[in-house]
Every structure is written in structure tokens, then in C-alpha cells.
Amino acid sequence: MANPALQPVRGTRDLIGEDFRAHHHVISAARRVTALYGYEEWATPIFEATGVFARSLGETSDVVSKEMYSFEDRGGDSITLRPENTAGICRALVSNGLTQSNLPRKVFYAGPMFRYERPQKGRYRQFHQIGAEVLGAAEPLADAEVIAAGWHILCELGISEGVVLEINTLGDAESRDAYRAALVAHFTAHQDSLSADSKIRLDKNPMRILDSKDEGDRRIVATAPTIEPFLTEKASAFFDSVLKHLGTLGVPTRKNPRIVRGLDYYSHTAFEFVTDRLGAQGTVMAGGRYDGLVEEMGGPATPCVGWAAGVERLSMLLAAAPPAPRPVAVIPVGEAQEAAALGLLQDLRCAGVVAEIAYKGNLKRRMERANKLSARAALILGEDELAQGQVQLRDLDAGSQETVPLAEAVARLSA
């Protein structure tokens, strides 16, 4: 029995075999697609000063108050493992002096995030996200294009069926001020029935009550006003433009007035790609416009929009993990042929062919190893063939075998 002290920490897991191939496939597809849209990849540290996330997520959010992995390092500084990466990207924009040059910048990222929450299907304490951010673009076309890139990734992965883009607007500052006042009036009338967390939010950030998972709160939220009647003409026109662009870009949409973002730096577009194929964990990609976050980080006012997606959830939607690559097995019949086999092995690899050689054993044992590796072909180097500059090429799927010139073997298998 394995020593329990040597097991993965609760809420973490090893990525091996099919799990890793699915994980890698999601990230690779996202890299390919975002590159087509002009994104460059950034990599920020997996831990930041705690203030980076306390500023960006809000002191009253569940993530900050209950879920962050924060600790004091040996220098006495408060450090937090990143629970998300939009804040880190905006911090990097500011701290690298990029807020005034070459805007807008399109940024893609991929990597691990950390939240202390109850592990469940598709949700871990160390989880992984991909994300796309457009930094320094105020136009509604930026919103539509970053959403289209997300939809393109879902299509590239073959998982778009049954996934729907739900979208809402948070309006501009004037719209939100009027809406916030209406929400305060509504929730104050039901204050006695609100959860303890929502009572705190009523004073500090009433829009966050709309995100509450408490069943009692949800009943009160169901009758709360929506933002649409409070939108200014300018905010309404912005939303209409986003929807028009999404239609032109071929992204199917559905309005959902209950999608909100509670912090003041969010504005205009808020959206989620959702599915009913993952049970309760139905959101696979979510984002919105956050025009005030760079300013929160100490930079100038910089309009931004983006999204993040959970790699684990996207992987769960795949029909199957991509198969492992099938190698070509190089098999020397005896020790005298090993030097030639090693040369052939490296020639295959340099030509882009996955190639393997068993480290020991006779012909039978080496063929058994080739079968275990699901090799597609075997190149068998015997004494007579080698003397004649030839090699036996065995097709392990068809069961056929032929003698080919050694000089042609690599070209045949790389074709």
C-alpha cells in the first residue's frame, strides 16, 4: 500500500498519459488559434504580491476572502499564488513600461492557477487556464474579436456543439450608478432574508449579490431589476455594435441579463460560454471588458477586454484524448548492427519521425517491445542486409515486409 504522505495533495493531480495529451492538445490548439488572431504569448510568475489580486478581485469576493493561497515569505512580504491571471497580465503591462507603446497589445497565456476550494469534477485546487486579453482597445470590435477567438478555439477542439455564448452589458459608469441604486433599493427591501455575505456586499458592492450561490439569495436575485432600463444611449449603442460584429463573425449568441461583474473597473461587455454537458460546472470560458484594471495597478487609464477558460473543463468536453504518436522501431539483429541502428535512429528523428530502439534483447524481445509501443513499422537491420546496404521494412499494421535500400528508408517513413 502506498504511503499516504507521498500522495498528491488534495485538490491536485498528476497529468500522465491520456490526461496529459488532452491537456496539451487544448493548450496547443489555443496557441495556434490565438496566433492567427495576432496574439503574442506572455508568461507571468505564478505568485505575485497579494495586493495584485486583492486590488483586482475585490476584498469582498469569495476568492480573496476564502480561496486565495496567501503566505508571508521570509522577507515578511505577503505573497499569493495566482488564483487567475488577468491581474498578472495587467501588472506586467504596467511594471514593464508598456502602457504607452504599441497599443493595443493582444496577449495569450496558459498556465496553472491556485484556489483553495472544495475539489469536484473538473475543479481542482491547482487548475490550469488559457486566456486572451486585448490591452489598450476601447472599440466594440475588440470585444467581438476576442470572443470570436474563443469560439474559434472551441470549434478547433471540436467541442462547440452544445456550447452557447451568453452575453450581457454592464453599461458605462453612468448606467451602473443608476443600476446600483436600483439594486440597493431592491435588496434593502429584502435585507432580512439575505445571507450574511450578501448583507456585507449590500453596503460595499451590491452588484456582487447577483453572483451569490446561496439559494435564498438566488430567489431574491430572480426578481431584481436588470440593467437594460438603466443603460445610457451610448452604452446601449456599444452593446448593439458588439452583437452586430459577433453576428458578422459567425458567433451564435444569447442575451443573459443575469451575467454581471461586481467590481467598478468592469464595464460594457460581460459574457460566458456555457454548456449542459458538464453538470453544475457549466461555464467553460468567461470574460468581459475591464477598462479600469490597469489604472488599479498604477498605470494610466487603459481599456481592456478578455477571457479565461479552464483547461480541465475543456479537456472533459473532448471526445477523446489525442492518441500517442506511433513510433518506428529500429531493431538491430545483433550487437554488431547496433552502431548502424543508432545512426538510422537519429536520421529518422532528424527527419521528424518518432523513432524508438529497445535497449536490450534478441529480435523476438525487441519486436515485443515494438508491439507494446504500438509501433507502425519496424526497420530490422540484419548482418546480410547491412552488408548490402539494405534494411528490412516491416509494416506492423499490414503485416507485410520488404527489403529497401538503407539510404531510402528514412524518406519512405517520413513521407
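Being a predicted model, the structure only gives us computed values, none of them experimental. Just so it is clear, the values below take in all heavy atoms, side chains as well, and ignore hydrogens, waters and symmetry mates.
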K.L.:
Nearest 0.5 Å, what's the OG-CD distance between Ser175 and Glu233?
P.N.:
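Answer rounded to 0.5 Å: 11.0 Å.
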K.L.:
Strictly by salt bridge (charged side-chain N to carboxylate O under 4.0 Å, His left out), give each pair with a member in residues 145-160 just once, sequence neighbours left out.
P.N.:
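Every salt bridge (charged side-chain N to carboxylate O under 4.0 Å, His left out) pair that includes a residue of residues 145-160, provided the two are not neighbours, is Arg32-Glu156, Lys106-Glu145.
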K.L.:
Is the number of heavy atoms from other residues, nucleotides or ligands under 6.0 Å of Arg376 CZ greater than 12?
P.N.:
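Yes, because the 6.0 Å sphere around CZ of Arg376 holds more than 12 heavy atoms from other groups.
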K.L.:
Can you check whether Thr80 reaches Val52 side chain to side chain, under 4.5 Å on heavy atoms?
P.N.:
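They are not in side-chain contact.
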K.L.:
Okay, side chain of Arg180, backbone of Pro206: is any donor-acceptor separation there less than 3.5 Å?
P.N.:
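Checked: no pair found.
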K.L.:
For His25, look at atom NE2 and say whether over 12 heavy atoms of other residues, nucleotides or ligands are found less than 6.0 Å away.
P.N.:
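It does: His25 NE2 has more than 12 such atoms within range.
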K.L.:
Are Phe273 and Leu154 close enough that some pair of their side-chain heavy atoms sits under 4.5 Å apart?
P.N.:
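Touching, per the 4.5 Å side-chain cut-off.
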K.L.:
Testing Arg412, Arg394, Gln392 one by one against Glu402 for a side chain to side chain donor-acceptor pair (under 3.5 Å), which residue passes?
P.N.:
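So, applying the side chain to side chain donor-acceptor pair (under 3.5 Å) to Glu402 and each of Arg412, Arg394, Gln392, only Arg412 qualifies.
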K.L.:
Can you confirm whether Arg258 is buried at CZ, in the sense that more than 12 heavy atoms of other residues, nucleotides or ligands lie under 6.0 Å from that atom?
P.N.:
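Yes.
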K.L.:
Distance only, no hydrogens: is a donor on one side chain within 3.5 Å (strictly under) of an acceptor on the other, for Thr44 and Asn85?
P.N.:
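Yes, because at least one side-chain N or O of Thr44 sits under 3.5 Å from a partner of the opposite role on Asn85.
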K.L.:
Can you check whether Thr86's main-chain N or O pairs, donor with acceptor, with Glu84's side chain at less than 3.5 Å?
P.N.:
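Present.
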K.L.:
So does Leu194 get a backbone contact from the side chain of Ser198, meaning a donor-acceptor N/O pair under 3.5 Å?
P.N.:
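Absent.
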K.L.:
Scan for ring-ring contact (aromatic ring centres under 6.0 Å, His included) pairs involving residues 166-195, sequence neighbours excluded, and state none if there are none.
P.N.:
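The answer is Tyr179-Phe230, His186-His190.
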K.L.:
So which atom in Val163 and which in Trp151 form the shortest heavy-atom distance, rounded to 0.1 Å?
P.N.:
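Smallest heavy-atom distance, with atoms named: O-CZ3, 3.8 Å.
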K.L.:
Answer yes or no: is there an ion pair linking Arg219 with Asp217, defined by an N-O contact shorter than 4.0 Å?
P.N.:
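Here Arg219 does not pair with Asp217 in a salt bridge, since their nearest N and O are not under 4.0 Å apart.
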K.L.:
Give the minimum heavy-atom separation between Met68 and Phe53, together with the two atoms involved.
P.N.:
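Scanning both residues completely, I find the closest heavy atoms to be SD-CB, 3.7 Å.
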K.L.:
Side-chain donor-acceptor contacts of residues 8-23 below 3.5 Å, not counting sequence neighbours, with atom names and distances?
P.N.:
residue: Thr12; atom: OG1; partner: Val9; partner atom: N; Å: 3.3
residue: Thr12; atom: OG1; partner: Val9; partner atom: O; Å: 2.6
residue: Arg21; atom: NE; partner: Pro322; partner atom: O; Å: 2.6

K.L.:
Is any side-chain heavy atom of Asp172 closer than 4.5 Å to one of Ser267?
P.N.:
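With C-beta onward as the side chain, the pair stays apart.
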K.L.:
Assess the residue pair Glu117 and Arg125 against the criterion (salt bridge (Lys or Arg N to Asp or Glu O under 4.0 Å)); give the C-alpha distance rounded to whole Å, side-chain angles, the decisive distance to 0.1 Å, and a yes or no.
P.N.:
CA-CA 6 Å; Glu117 55 185 341; Arg125 289 176 176 176; over 6 Å; no
K.L.:
Dump the intermediate steps for side chain to side chain contact (heavy atoms under 4.5 Å, CB included) on Leu170 and His268, then the final yes or no.
P.N.:
CA-CA 4 Å; Leu170 307 176; His268 294 294; 6.0 Å; no
K.L.:
Does the side chain of Leu293 reach to within under 4.5 Å of the side chain of Thr302, using non-hydrogen atoms?
P.N.:
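The answer is no, as the side chains (C-beta and beyond) never meet within the 4.5 Å cut-off.
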K.L.:
Measure the CZ-CD1 distance between Arg365 and Ile331 for me, rounded to the nearest 0.5 Å.
P.N.:
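Answer rounded to 0.5 Å: 13.0 Å.
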K.L.:
Of all heavy-atom pairs between Pro303 and Asp291, which one has the smallest distance, and what is that distance?
P.N.:
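Closest approach of Pro303 to Asp291: CA-OD1, 3.2 Å.
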K.L.:
To check you understand the geometry: which heavy-atom pair defines the closest contact between Ala351 and Ser414, and what is its length?
P.N.:
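The answer is O-CB, 4.1 Å.
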K.L.:
Looking at side-chain heavy atoms only, is the closest gap between Ser70 and Ile79 below 4.5 Å?
P.N.:
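Ser70 does not reach Ile79 side chain to side chain.
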K.L.:
Keeping to residues at least two apart or across chains, list the ring-ring contact (aromatic ring centres under 6.0 Å, His included) pairs with something in residues 153-178.
P.N.:
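Sorted pair list comes back empty.
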K.L.:
Does the pair Arg326/Asp397 count as a salt bridge with the N-to-O cut at 4.0 Å?
P.N.:
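Yes.
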K.L.:
Which residue, Val251, Ile259, Leu243, forms the side-chain contact (heavy atoms from CB on, under 4.5 Å) with Ile167?
P.N.:
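With Ile167 as partner, Val251, Ile259, Leu243 yield a single side-chain contact (heavy atoms from CB on, under 4.5 Å), made by Leu243.
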K.L.:
Can Thr269 and Asp143 be said to form a side chain to side chain donor-acceptor pair (under 3.5 Å), step by step?
P.N.:
CA-CA 7 Å; Thr269 314; Asp143 303 49; 2.7 Å; yes
K.L.:
Does the side chain of Pro257 come within less than 4.5 Å of Glu228's, by heavy atoms?
P.N.:
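Contact flag for Glu228/Pro257 side chains = no.
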K.L.:
Would you say CZ of Phe47 has more than 12 non-hydrogen atoms from neighbouring residues, nucleotides or ligands within 6.0 angstrom?
P.N.:
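No - once you tally the heavy atoms of other residues, nucleotides and ligands closer than 6.0 Å, there are 12 at most.
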K.L.:
Give a yes or no answer on whether the side chain of Asn96 reaches the backbone of Leu98 with a donor-acceptor pair at less than 3.5 Å.
P.N.:
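Not confirmed, Asn96 side chain does not pair with Leu98 backbone.
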K.L.:
Got Trp42 and Leu93 here, is their nearest side-chain heavy-atom distance under 4.5 Å?
P.N.:
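Yes; the side chains approach each other to less than 4.5 Å.
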K.L.:
Considering all heavy atoms of both residues, which atom of Ala341 and which atom of Val330 are nearest to each other, and what is their separation?
P.N.:
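Of all heavy-atom pairs spanning Ala341 and Val330, the closest is O-CG1, 3.6 Å.
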K.L.:
Within the side chain of Arg261, is there an N or O that forms a donor-acceptor pair under 3.5 Å with the backbone of Gly287?
P.N.:
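Yes, Arg261 side chain to Gly287 backbone: donor-acceptor pair under 3.5 Å.
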K.L.:
Would Arg82 and Glu48 pass as an ion pair if we require N to O under 4.0 Å?
P.N.:
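Glu48 and Arg82: not salt-bridged.
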K.L.:
Quick one: ring-ring contact (aromatic ring centres under 6.0 Å, His included) pairs with a partner in residues 77-100, sequence neighbours left out?
P.N.:
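Passing the test, one end in residues 77-100: no pairs.
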K.L.:
Using the rule given for salt bridge (Lys or Arg N to Asp or Glu O under 4.0 Å), can you reason through Arg123 versus Glu312, listing the C-alpha separation, both sets of side-chain angles and the distance that settles it, and then say yes or no?
P.N.:
CA-CA 7 Å; Arg123 176 175 288 178; Glu312 282 79 4; over 6 Å; no
K.L.:
Tell me whether Glu161 at atom CD has more than 12 heavy atoms from other residues, nucleotides or ligands lying less than 6.0 Å away.
P.N.:
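Atom CD in Glu161 is not packed in, count stays at 12 or less.
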K.L.:
With heavy-atom distances below 4.5 Å as the criterion, would you say the side chains of Arg31 and Ile27 are in contact?
P.N.:
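Of all side-chain heavy-atom pairs linking Ile27 with Arg31, at least one is under 4.5 Å.
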K.L.:
CZ/Arg313 to OG1/Thr283 distance, rounded to the nearest 0.5 angstrom?
P.N.:
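Arg313 atom CZ to Thr283 atom OG1 measures 6.5 Å (nearest 0.5 Å).
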K.L.:
Quick one: ring-ring contact (aromatic ring centres under 6.0 Å, His included) pairs with a partner in residues 90-126, sequence neighbours left out?
P.N.:
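Residue pairs with at least one partner in residues 90-126: Tyr69-Tyr116.
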K.L.:
Atom NZ of residue position Lys199 - does it have more than 12 heavy atoms of other residues, nucleotides or ligands inside 6.0 Å?
P.N.:
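Counting neighbours around NZ of Lys199, more than 12 heavy atoms of other residues, nucleotides or ligands fall under 6.0 Å, so yes.
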K.L.:
Yes or no on side chain to side chain donor-acceptor pair (under 3.5 Å) for Tyr290 and Glu133, after CA distance, side-chain angles and deciding distance?
P.N.:
CA-CA 10 Å; Tyr290 50 97; Glu133 316 288 355; 2.6 Å; yes
K.L.:
Where is the tightest heavy-atom contact between Val134 and Pro104, given as atom of each residue plus distance?
P.N.:
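The pair with the smallest heavy-atom distance is CG1-CB, 4.2 Å.
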K.L.:
Salt bridge check, Glu338 against Arg366: does any charged N sit closer than 4.0 Å to a carboxylate O?
P.N.:
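Yes, charged N to carboxylate O under 4.0 Å.
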K.L.:
Counting only heavy atoms from other residues, nucleotides and ligands, does the tally under 6.0 Å from CD of Gln401 exceed 12?
P.N.:
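Above 12, so yes.
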